[in-house]
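Atoms considered below: every heavy atom in the structure, side chains included; atoms not considered: hydrogens, waters and symmetry mates. All values derive from a computational prediction rather than experimental measurement. Sequence lines set the chain letters: A, B, ... in the order given, protein chains first and strands last, and positions in each chain run from 1.
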Amino acid sequence: MEIQDRIIPISALNPYQHRWAIKARVTAKGDIRRYNNARGDGKVFSFDLLDSDGEIRATCFNAVLDRFYEIIEVGKVYLISKGSLKPAQKNFNHLKNEWKIFLEATSTIDLCPDEDASIPSQQFSFRPISEIEIAENNSIIDVIGIVTAVNPSVSIMRKNGMETQRRILNLKDQSGRSVELTLWGDFCNREGQNLQEMVDSGIFPVLAVKAGKVNDFSGKSIGTISSTQLFINLDSSEAQSLRIWFDRGGKNTTSQSISRDINPGGPKNEIRKTVSQIKDEGLGDQINQTGLL
DNA sequence: CCCCCCCC
């Protein structure tokens, strides 16, 4: 039987299904990770696959990685066959599939050169910002909003002593809430730089965040992780609807932030006084007595 | 068989 005749939907894959093939688009490609553990040295990479009704993550190691890493390109469609299906671990893999594919020496991956319009380029499950307020800490979510403010990139010393870049921006949507999005590492000077230039010149772009991580330090915020993807001015109905909402008045409506202030001590503290003014007016006395100051 | 994802 030809490979083409064995094509099944991704949603039909399971460990008991042998001699399968899938036809799927690569929606994300991870970097090569090197590891060293009790089993020895190794390298691994993963990529995400989407067909017209399902998604799954594929992973390969070492020699198999050497065969496939260069072939895999985001956006392209492939015919993939053979490999073992293992349970997906939800703490590492947010895709809507209870299985993942481990590619093996007998696996095949062949590029389908013809464009297949039946397979979308990405699949999103956007959550309104108001819902992120009640999302579980560390959960992985998709969100779309208008970028209303972008802070500069700053250098952050991580707890492990490694330096990295951080850039915080603000997202607002039609739910009446806004949220902080923290970009890390390369996102800061790639998409982050681009977004800053747009906002600086008065353009407030739509930003779609695929696979952002919910953080619950001082309210709820979202941070990028290695599998996060950012899409500026995405071509989609959700983006279009946000654009229209913002341009027709959403721009001037106030949103309640579900995060701490982007500028601590900024707009919220309208009345600013010097320490001597505070002492003169006895403003701190009551607080001092409660032991809060 | 990897699996870290950061700062206050």
Side-chain angles (χ1 to χ4, degrees), chain A residues 15 28-49 56-69 72 82-95 97-107 135-143 150-170 179-192 209-230 257-266 268:
Chain A
K29 177 182 180 180
D31 294 327
I32 297 176
R33 291 174 46 81
R34 290 171 195 282
Y35 60 90
N36 178 290
N37 60 23
R39 292 162 166 268
D41 285 336
K43 54 185 177 180
V44 59
F45 99 106
S46 293
F47 54 99
D48 294 347
L49 293 163
I56 194 163
R57 178 160 296 171
T59 298
C60 48
F61 293 84
N62 304 314
V64 183
L65 177 154
D66 290 335
R67 276 177 62 211
F68 296 138
Y69 184 76
I72 293 299
K82 301 199 184 91
S84 54
L85 275 291
K86 299 277 169 69
Q89 294 171 74
K90 287 296 159 190
N91 39 337
F92 302 123
N93 178 349
H94 64 282
L95 301 187
N97 200 313
E98 58 176 309
W99 309 107
K100 61 180 175 180
I101 300 171
F102 275 25
L103 296 166
E104 295 162 341
T106 54
S107 300
E136 202 180 323
N137 189 33
N138 294 328
S139 57
I140 307 291
I141 52 107
D142 299 343
V143 65
V150 181
N151 281 5
S153 271
V154 294
S155 268
I156 295 286
M157 189 60 80
R158 294 169 53 183
K159 282 167 185 159
N160 68 5
M162 299 282 283
E163 201 173 321
T164 188
Q165 294 294 109
R166 185 199 70 187
R167 191 198 278 273
I168 297 174
L169 51 85
N170 239 26
V179 66
E180 273 186 11
L181 171 67
T182 304
L183 307 185
W184 292 100
D186 291 340
F187 285 114
C188 296
N189 298 323
R190 219 169 42 216
E191 291 91 339
V209 181
K210 170 116 180 126
K213 188 177 180 184
V214 174
N215 190 303
D216 73 352
F217 176 80
S218 175
K220 286 275 168 52
S221 61
I222 303 161
T224 63
I225 56 175
S226 60
S227 54
T228 300
Q229 290 171 288
L230 300 178
S257 179
I258 66 166
S259 313
R260 64 161 180 186
D261 271 350
I262 194 161
N263 292 314
K268 255 191 181 169

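Computed from coordinates, the A:D216 CG to B:dC8 P distance equals 16 Å when rounded to whole Å. What separates CZ of A:R57 from P of B:dC3 is a distance of 14 Å, to the nearest Å. The distance from atom CH2 of A:W184 to atom P of B:dC6 is 7 Å, rounded to the nearest whole Å. Atom-to-atom, CE of A:M162 to P of B:dC5 comes out at 13 Å; the value is rounded to the nearest Å. As rounded to whole Å, 8 Å separates atom C1' of B:dC6 from atom CG of A:N160. Separating the CG atom of A:N93 from the P atom of B:dC5 is a distance of 17 Å, rounded to the nearest angstrom. Separating the CG atom of A:L181 from the C1' atom of B:dC8 is a distance of 16 Å, rounded to the nearest angstrom. One interatomic measurement links the two molecules: NE2 of A:H94 to C1' of B:dC5, which rounds to 13 Å at whole-angstrom precision.
Among the atoms of the strands shown, base atoms are found under 4.0 Å from some heavy atom of A:K100. Within 4.0 Å of A:F102, counting heavy atoms only, lies at least one base atom of the nucleic acid. Using a 4.0 Å heavy-atom cutoff across all strands shown, A:T228 reaches no nucleic acid atom at all.
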Atom pairs and distances, side-chain donor-acceptor, residues 62-69 of chain A, under 3.5 Å, sequence neighbours left out:
from	atom 1	to	atom 2	distance (Å)
A:N62	OD1	A:K43	N	2.9
A:D66	OD1	A:K43	NZ	2.7
A:R67	NH1	A:A105	O	2.8
A:R67	NH2	A:S107	O	2.9

Give every donor-acceptor pair under 3.5 Å between a side-chain atom in residues 213-224 of chain A and any protein atom, sequence neighbours left out.
from	atom 1	to	atom 2	distance (Å)
A:N215	OD1	A:F217	N	3.0
A:D216	OD1	A:N137	ND2	3.4
A:K220	NZ	A:E133	O	3.1
A:K220	NZ	A:A135	O	2.9
A:T224	OG1	A:W184	N	3.1

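The neighbour count for A:M162 CE, taken as heavy atoms of other residues, nucleotides or ligands under 6.0 Å away, does not exceed 12.
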- Message: Checking A:D41 against A:R34 for the side-chain contact (heavy atoms from CB on, under 4.5 Å) test, could you report, in this order, the C-alpha distance in whole Å, the side-chain angles of both residues, the deciding distance, and whether it holds?
- Response: CA-CA 7 Å; A:D41 285 336; A:R34 290 171 195 282; over 6 Å; no
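For the pair A:I225/A:I140, a side-chain contact is recorded, criterion being any heavy-atom separation below 4.5 Å from C-beta on.
Checking side-chain atoms of A:T228 against main-chain N and O of A:A211 turns up a donor-acceptor pair under 3.5 Å.
Distance check: A:S46 OG to A:D31 CG gives 11.0 Å after rounding to the nearest 0.5 Å.
Comparing B:dC5, B:dC2, B:dC7 by their closest approach to the side chain of A:S226 singles out B:dC5. The nucleotide whose nearest atom lies closest to any side-chain atom of A:R158 is, among B:dC2, B:dC7, B:dC8, B:dC7.
Under the rule for a side chain to side chain contact (heavy atoms under 4.5 Å, CB included), the partners of A:Q229 that lie at least two apart in sequence or sit in another chain are A:A28, A:Q122, A:K210, A:F231. Remark: A:D186 pairs with no residue by the salt bridge (charged side-chain N to carboxylate O under 4.0 Å, His left out) rule, at least two apart or across chains.
For A:E180 and A:R260, the salt-bridge test passes: some basic side-chain N is under 4.0 Å from an acidic carboxylate O.
The aromatic ring of A:F61 does not sit over the base of B:dC2; the criterion of centres under 5.5 Å apart with planes under 30° is not met.
Taking a 4.0 Å limit (strictly below) on heavy-atom distances, residues 82-89 of chain A reaches DNA chain B at A:Q89. Near DNA chain B, meaning a heavy atom under 4.0 Å from it, residues 30-41 of chain A has A:R33, A:Y35, A:N37, A:R39 in order of number.
Considering only side-chain N and O atoms, A:K213 lies under 4.0 angstrom from the phosphate OP1 or OP2 of B:dC6. The phosphate of B:dC2 has neither OP1 nor OP2 within less than 4.0 Å of any side-chain N or O from A:K43.
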